[in-house]
K.L.:
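The structure is given below, and queries will be raised subsequently.
None of these values were measured; they are calculated from a predicted model. One-based numbering, in listed order, for ligands and for the atoms of each.
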Amino acid sequence: MNIYLIGMPGSGKTTLGKRLAKTLGFSFTDLDIVLAEQEKMPVTEIFAQKGELYFRQAESECLKKTIQLQRSVIATGGGTPCFFDNMEWMNANGITIFLDVSTEELVKRLTINEDATQKRPLFANKSVQELRSSLETMQTNRLPHYEKSQFRFLPHETKPSFVASQLKERLPELFK
Ligand SMILES: Nc1ncnc2c1ncn2[C@@H]1O[C@H](COP(=O)(O)OP(=O)(O)OP(=O)(O)O)[C@@H](O)[C@H]1O
Ligand SMILES: O=C(O)C1=C[C@@H](O)[C@@H](O)[C@H](O)C1
Ligand SMILES: [Mg+2]
């Protein structure tokens with residue numbers, strides 16, 4: 001059984017994912033990294049060279065291959081739950097956790113330094129106002145998908161020990 005972390009870019013999937021994996025004794029997998037390795041180019045390049053449709057199809061295939069993993073905390077891409085049957089598939093095959101972070105908090109996190117903005121292709125080269133506006137639109141469109149997750153945590157609730165205890169309380173059979 002794998003755990004899928006879901007949420008907007010900057011919502012903390014990688015940060016929590018690595019720590020939660022350690023706490024639970026699971027491995028950690030970053031779907032964007034697996035996809036980049038498979039395609040032999042960074043996700044920014046896949047978008048730029050092959051377009052979004054190609055990216056989304058490859059992403060979905062890559063997601064489904066995670067069925068082969070056991071006991072892994074998987075950070076999904078920000079858009080993963082919003083395409084094809086990905087969200088339903090994750091709910092049917094694993095535990096889904098939505099990291100629910102406000103637009104204002106995302107703006108802060110994504111503008112904290114140049115690196116934070118540039119490494120996220122959907123937001124590079126935007127003013128703070130443009131960034132806020134695209135995050136707002138994106139979040140509104142994506143929320144109906146994210147909300148299908150089985151668990152939802154706000155930023156102050158993402159201490160790995162707390163998340164682990166909530167998972168064990170609701171799904172004790174999985175952690176025996
Ligand atoms: N609970 C938290 N409270 C405050 N800051 C946080 C929290 N979790 C993560 N951060 C910070 O927010 C930023 C984004 O976190 P992270 O890279 O883990 O997000 P992500 O969801 O993996 O993003 P992406 O989808 O782009 O890979 C980092 O600077 C991280 O230190
Ligand atoms: O929010 C998104 O649509 C994306 C987020 C990243 O994790 C990558 O999966 C890619 O840059 C697309
Ligand atoms: Mg990440």
Side-chain angles (χ1 to χ4, degrees), residues 3-23 27-39 41-66 72-84 86-87 90 96-126 130-146 149 151-164 166:
I3 297 172
Y4 295 93
L5 298 182
I6 281 158
M8 291 283 287
S11 58
K13 301 178 295 292
T14 300
T15 308
L16 174 65
K18 287 183 175 168
R19 295 178 190 165
L20 181 63
K22 212 175 238 178
T23 304
S27 65
F28 173 71
T29 307
D30 192 309
L31 202 62
D32 281 333
I33 294 176
V34 175
L35 188 52
E37 280 169 2
Q38 185 187 294
E39 296 290 317
M41 63 176 94
V43 290
T44 36
E45 280 302 306
I46 311 175
F47 254 82
Q49 290 188 22
K50 301 192 169 175
E52 180 164 10
L53 180 61
Y54 178 92
F55 177 85
R56 295 303 175 192
Q57 282 166 342
E59 178 184 49
S60 187
E61 282 166 25
C62 208
L63 172 68
K64 312 270 168 93
K65 283 193 204 149
T66 61
S72 194
V73 178
I74 300 168
T76 63
T80 310
C82 314
F83 292 85
F84 313 115
N86 293 350
M87 190 66 220
M90 288 188 276
T96 49
I97 300 179
F98 168 33
L99 302 183
D100 187 4
V101 179
S102 70
T103 304
E104 238 7 83
E105 174 68 20
L106 292 174
V107 171
K108 267 192 224 150
R109 292 187 192 179
L110 298 179
T111 51
I112 204 154
N113 56 43
E114 190 66 5
D115 184 52
T117 324
Q118 293 308 323
K119 79 174 188 199
R120 294 176 172 93
L122 298 171
F123 307 117
N125 310 315
K126 281 191 161 70
E130 286 168 336
L131 176 66
R132 180 177 292 111
S133 167
S134 39
L135 283 169
E136 252 161 22
T137 309
M138 185 182 266
Q139 205 160 18
T140 305
N141 292 336
R142 290 181 170 186
L143 208 57
H145 302 280
Y146 292 162
S149 298
F151 290 84
R152 175 177 187 150
F153 295 103
L154 295 165
H156 70 277
E157 299 171 324
T158 55
K159 217 174 145 212
S161 57
F162 177 72
V163 174
Q166 294 291 302

K.L.:
Students often mix this up, so state it plainly: with edges at 30° and 60°, are the rings of Tyr146 and Phe98 parallel, tilted or perpendicular?
P.N.:
tilted
K.L.:
Below 4.0 Å from any atom of ligand 1, is there a heavy atom belonging to Ala75?
P.N.:
no
K.L.:
Measure from the side-chain N and O atoms of Glu45 to the backbone N and O of Ala36, and report whether any donor-acceptor pair falls under 3.5 Å.
P.N.:
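Flag not set: sc Glu45 to bb Ala36 has no pair under 3.5 Å.
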K.L.:
Does the protein come close to atom 9 (C) of ligand 1 - that is, does one of its heavy atoms sit below 4.0 Å from that atom?
P.N.:
yes
K.L.:
Do any non-hydrogen protein atoms sit less than 4.0 Å from atom 29 (O) of ligand 1?
P.N.:
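Given the 4.0 Å limit, the answer for atom 29 (O) of ligand 1 is no, no protein heavy atom qualifies.
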K.L.:
Is any N or O atom of Gly12, backbone or side chain, closer than 3.5 Å to an N or O atom of ligand 1?
P.N.:
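For ligand 1, there is an N or O atom that lies under 3.5 Å from one belonging to Gly12.
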K.L.:
Tell me whether Gly10 has any N or O atom under 3.5 angstrom from an N or O of ligand 1.
P.N.:
yes
K.L.:
If you measure every N or O of Ser11 against every N or O of ligand 1, does any of those distances drop under 3.5 Å?
P.N.:
yes
K.L.:
Considering non-hydrogen atoms of the protein only, which is the closest contact for atom 17 (O) of ligand 1, and what is the distance?
P.N.:
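Here the nearest protein heavy atom works out to Arg120 NH2, 3.2 Å.
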K.L.:
Below 2.8 Å, any N, O or S contact between Thr14 and the Mg ion (ligand 3)?
P.N.:
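A backbone or side-chain N, O or S atom of Thr14 is under 2.8 Å from the Mg ion (ligand 3).
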K.L.:
Looking at Arg19, is its backbone amide N or carbonyl O close enough to the side chain of Thr23 to form a donor-acceptor pair, meaning the two atoms are under 3.5 Å apart?
P.N.:
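Looks like yes, one N/O pair under 3.5 Å.
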K.L.:
Please say which of Ile3, Thr29, Ile6 ends up in a side chain to side chain contact (heavy atoms under 4.5 Å, CB included) with Ile74.
P.N.:
Thr29
K.L.:
Applying a strict 4.0 Å limit to heavy atoms, is His156 in contact with ligand 1?
P.N.:
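No, that is not the case, since the closest heavy atom of the residue is not under 4.0 Å from the ligand.
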K.L.:
Would you say Arg142 contacts ligand 2, with heavy atoms under 4.0 Å as the rule?
P.N.:
yes
K.L.:
Within less than 4.0 angstrom of ligand 2, does Arg56 place any heavy atom?
P.N.:
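Yes; Arg56 lies near enough to ligand 2 that a heavy-atom distance drops under 4.0 Å.
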K.L.:
Give me the nearest non-hydrogen protein atom to atom 3 (N) of ligand 1 as residue plus atom name, then the distance to 0.1 Å.
P.N.:
Arg109 NH2, 3.4 Å
K.L.:
Just go through Glu157, Lys108, Lys13 and tell me whose heavy atom is the nearest to atom 20 (P) of ligand 1.
P.N.:
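Answer by nearest heavy atom: Lys13.
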